[in-house]
Number of protein chains: 2
Amino acid sequence: MVINKGVNSAVRMAKKERQRQLVKALEEDPFLTDEEMAKRCRVSIQTIRLDRMELGIPELRERIKHMAENNFDGVRSLSLEEVIGEVVDIQLDQSGISMLEIKKEHVFARNQIARGHYLFAQANSLAVAIVDAEVALTGSAGIRFVRPVRLGEKCLAFAKVITNGPSRLQINVQTKVNGEVVFQGVFDVYRTDEEGQ
Amino acid sequence: MVINKGVNSAVRMAKKERQRQLVKALEEDPFLTDEEMAKRCRVSIQTIRLDRMELGIPELRERIKHMAENNFDGVRSLSLEEVIGEVVDIQLDQSGISMLEIKKEHVFARNQIARGHYLFAQANSLAVAIVDAEVALTGSAGIRFVRPVRLGEKCLAFAKVITNGPSRLQINVQTKVNGEVVFQGVFDVYRTDEEGQ
DNA sequence: CCATATATTAATACCAAGTCCTAAATCAGT
DNA sequence: ACTGATTTAGGACTTGGTATTAATATATGG
């Protein structure tokens with residue numbers, strides 16, 4: 001019996017093992033068709049299909065679709081990144097206010113704290129936006145993350161021009177959550193009609 | 001004839017307009033089937049197919065597949081999604097290199113110059129990534145955009161730990177394009193097991 | 001007004017990569 | 001030899017198409 005069980009389990013393992021390989025192979029390359037997998041495992045297509053059923057693995061097209069959908073959501077937030085925060089008010093060459101609500105895509109999954117560069121991006125793009133010029137680019141900046149910002153918090157960035165030269169402005173940006181300063185930065189922004197950064 | 005041309009162009013516009021809408025609709029939602037689009041445009045499926053042919057738009061499955069493939073390349077870096085750019089090399093608590101290719105979504109449409117916060121994001125996330133801790137957050141930073149970076153350029157960010165304390169590190173990041181420095185920054189990063197920014 | 005493009009619709013056969021279902025074959029263990 | 005699990009096979013149907021051919025507007029040029 002023990003011996004038989006050995007043989008038995010050898011066969012069972014063949015199945016289990018195949019399914020294990022299936023899962024692994026699809027993790028590595030989700031674009032594999034049942035036909036491909038059947039060839040690889042030297043079994044019939046139907047066997048692979050049964051395996052997928054048992055393992056609850058959707059068909060190729062569904063797998064691909066899911067990946068694409070995830071990606072699409074990502075793309076959405078990428079294009080949203082173009083406009084970091086919503087501009088609430090702007091006085092060209094003087095001041096501006098923008099609002100950014102911290103969402104899932106802005107935070108570290110582990111601790112729900114906003115990634116610094118989103119706060120920077122909000123401040124930076126606001127600073128650039130209030131400059132009255134064809135082209136405005138940040139030259140340098142000094143920034144401080146005063147306290148961590150958490151998921152769901154609404155960041156109000158207040159930008160104020162400190163010094164206003166013909167080709168160079170210094171802009172102070174203070175970001176607050178419920179009146180509490182969470183970020184502070186000074187941006188040196190250059191304006192030109194051609195380039196600079 | 002002018003009158004006829006008017007009618008003519010009205011019809012032609014119907015087609016052009018429909019194709020314009022098609023492109024737009026698919027940009028907004030690439031998961032639309034021909035059938036759906038046919039209903040929306042109140043034409044036959046065949047017309048939509050012809051339109052796709054003319055416009056060189058691949059079928060639904062191909063579109064989805066492409067998205068999924070792009071995503072898949074990015075899936076590897078999904079765990080690295082924490083980091084903007086692709087990490088090339090990391091020595092924890094010592095140094096790191098990441099690469100970011102400037103694409104359309106990173107530049108100002110007007111002048112094809114990369115928005116500063118992407119360069120910042122690359123540098124910032126690399127700085128945070130090389131810190132060997134449960135949680136690492138940027139406290140402050142001083143940065144300089146040395147020269148503008150253009151569409152298509154590949155930015156290599158080199159991060160190096162300058163001072164390495166138990167709870168605080170100073171990290172210098174220099175970003176280069178073809179050996180030329182384009183960005184330079186010093187990041188104060190805090191490591192904790194709970195929070196801080 | 002008729003011929004001639006251009007645009008649209010229809011109809012058919014075919015494909016990939018499946019699902020769902022039924023039935024048969026195989027095989028291992030007792 | 002029988003039982004139960006496993007594997008194959010087969011056919012019908014599905015989606016979302018391609019490719020091709022043909023018929024039908026529709027519009028404009030002359």
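Letters go in sequence order (proteins before strands), and every chain restarts at 1. Just so you know, these numbers come straight off a predicted model, no measurement behind them.
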Note to self: Rounding to an integer number of Å, can you tell me how far B:Lys65 NZ sits from C:dA16 P?
What the structure shows: 13 Å

Check: Can a donor-acceptor pair under 3.5 Å be found between the side-chain atoms of B:Arg61 and the base atoms of D:dG17?
Finding: no

Notebook entry, point to check: Within the structure shown, what part of the strands sits under 4.0 Å from B:Arg52 by heavy-atom distance: base, sugar-phosphate, or nothing?
Noted result: sugar-phosphate

Check: Does any donor-acceptor pair link the side chain of A:Arg49 with the base of C:dT19 at a separation under 3.5 Å?
Finding: no

Check: How long is the line joining CE of A:Met53 and P of C:dC21, in whole Å?
Finding: 11 Å

Checklist line | Closest listed nucleotide, where the reference is the side chain of A:Thr33 and the choices are D:dT18, C:dA7, C:dA17 | finding: C:dA17

Next item on the list: Rounded off to whole Å, could you give me the CG-to-C1' distance for the B:Leu60 and C:dA16 pair?
Entry: 14 Å

Margin query: If the threshold is 4.0 Å, N to carboxylate O, is there a salt bridge linking A:Glu153 and A:Arg147?
Written below: yes

Notebook entry, point to check: Tell me: CD of B:Glu35 to C1' of C:dT9, nearest whole Å?
Noted result: 15 Å

Notebook entry, point to check: Contact class for A:Gln46 (heavy atom, under 4.0 Å): base, sugar-phosphate, or nothing?
Noted result: base

Check: C:dT19 P sits how many Å from A:Ile48 CD1, rounded?
Finding: 12 Å

Check: How many Å lie between CD1 on A:Ile45 and P on D:dG10, as a whole number?
Finding: 12 Å

Check: In Å and rounded to the nearest 0.5 Å, what is the OG1 to CZ distance from A:Thr33 to A:Arg61?
Finding: 10.5 Å

Note to self: If you compare every side-chain N and O of B:Ser44 against the phosphate oxygens of C:dT9 (OP1, OP2), does one of them come in below 4.0 Å?
What the structure shows: yes

Margin query: In this structure, how many angstroms lie between the P atom of D:dT8 and the NZ atom of A:Lys39, rounded?
Written below: 15 Å

Notebook entry, point to check: Taking atom P of D:dT15 as reference, at what distance in whole Å does atom CE of B:Met37 sit?
Noted result: 20 Å

Item checked: Parallel, tilted or perpendicular, as decided by the 30° and 60° cut-offs, for the rings of A:Phe120 and B:Phe120 -> parallel

Checklist line | Sugar-phosphate only, base, or nothing, as touched by B:Leu50 at under 4.0 Å among non-hydrogen atoms | finding: base

Checklist line | Below 4.0 Å: OP1/OP2 of C:dT8 and any side-chain N or O of B:Arg18 | finding: yes

Check: If you measure from the Lys or Arg side-chain nitrogens to the Asp or Glu carboxylate oxygens, is any gap between A:Glu17 and A:Arg20 under 4.0 Å?
Finding: yes

Next item on the list: Please determine which of A:Gln46, A:Gln21, A:Gln19 meets the side chain to side chain donor-acceptor pair (under 3.5 Å) test together with A:Asp51.
Entry: A:Gln19

Check: C:dT9 phosphate, OP1 or OP2: any side-chain N/O from B:Thr47 under 4.0 angstrom?
Finding: yes

